[in-house]
Amino acid sequence: MKKKYKAVFFDLDHTLWDFETNSAEALRELHHAYGLHHKGVGIDDFLQTFKRINSQLWHQYDTGQIPQETIRKQRFHRILLEHNIDEYELSLQFSQDYVSQSPKKQYLIPHAKTVLEYLHPQYPLHIITNGFSEIQAIKMTSSGILHFFTSIVTAEKAGHKKPAKEIFEYALTENGLRADEVIMIGDNLVTDIGGAKAAQLDTVYFNPTAAPHHEKVTHEITSLLNLKDLL
Ligand SMILES: [Mg+2]
């Protein structure tokens with residue numbers, strides 16, 4: 001199976017860049033800076049609320065129900081509302097600070113760097129992401145992985161977002177690749193795996209919690225280190 005592929009596509013958030021850890025660190029700092037505990041908001045509750053509202057909004061965005069702008073403009077208003085703070089201007093400022101601080105955090109998913117160092121000399125590597133272009137570039141620079149990648153294909157650039165097959169086809173065309181020459185690695189069964197399958201790509205489902213599912217995937221891994229056996 002080794003050397004079957006000519007290029008490898010990666011998702012970024014939760015697959016390489018440790019969104020949970022980085023986000024929590026930024027939220028802790030901002031929770032402190034904004035004195036939220038003086039307003040009766042405990043940090044653990046705040047992190048929980050963020051996790052719940054944030055994944056709801058991203059799910060709505062991924063399934064085409066809301067534009068990206070809604071995430072930025074409503075996320076923290078909704079989170080603060082749950083803690084009985086109804087201050088829209090404050091929520092916008094908080095949101096701006098979160099969006100600028102969080103991507104500067106550098107935690108990666110375990111073994112990400114080892115695996116990228118292993119794959120980089122063998123395959124051109126590309127990021128396929130629904131995240132904002134400028135934000136994703138900052139994350140990759142902060143965490144020291146930007147140089148491993150030949151291109152970063154964002155939904156903004158491609159004009160389509162995962163799971164649309166067009167974003168994968170855009171990445172193939174841009175790089176002169178055929179679908180059967182590429183494998184897509186990601187943590188999301190709908191956007192990464194479903195989308196890549198629709199574009200006829202082989203897939204690696206990164207499932208660190210070994211969550212049960214019924215999707216057919218080419219390979220499934222619980223650790224990024226397993227990629228060394230596959231590629
Ligand atoms: Mg992801």
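These numbers come from the heavy atoms of this one structure, side chains and all, not from hydrogens, waters or symmetry mates. Start at 1 and go down the list; that is how both ligands and their atoms are numbered.
Taking the six-membered ring for Trp and the full ring otherwise, the centers of Tyr123 and Tyr5 sit at least 6.0 Å from each other.
When the Mg ion (ligand 1) is compared with the N/O/S atoms of Asp11, atom OD2 turns out nearest. For Asp187, the N, O or S atom closest to the Mg ion (ligand 1) goes by the atom name OD1. The closest approach of Asp13 to the Mg ion (ligand 1), by N/O/S atoms, is made by O.
Contact between Phe206 and Ile109 at its shortest, heavy atoms only, is CZ-CG2, 3.7 Å.
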Requested in this report: Report the C-alpha distance between Phe10 and Leu116 in whole Å, list the side-chain angles of each, state the deciding distance to 0.1 Å, and finish with yes or no for side-chain contact (heavy atoms from CB on, under 4.5 Å).
Outcome: CA-CA 10 Å; Phe10 271 100; Leu116 292 174; 4.0 Å; yes
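Heavy atoms from other residues, nucleotides or ligands lying under 6.0 Å from NE2 of His32 number 12 at most.
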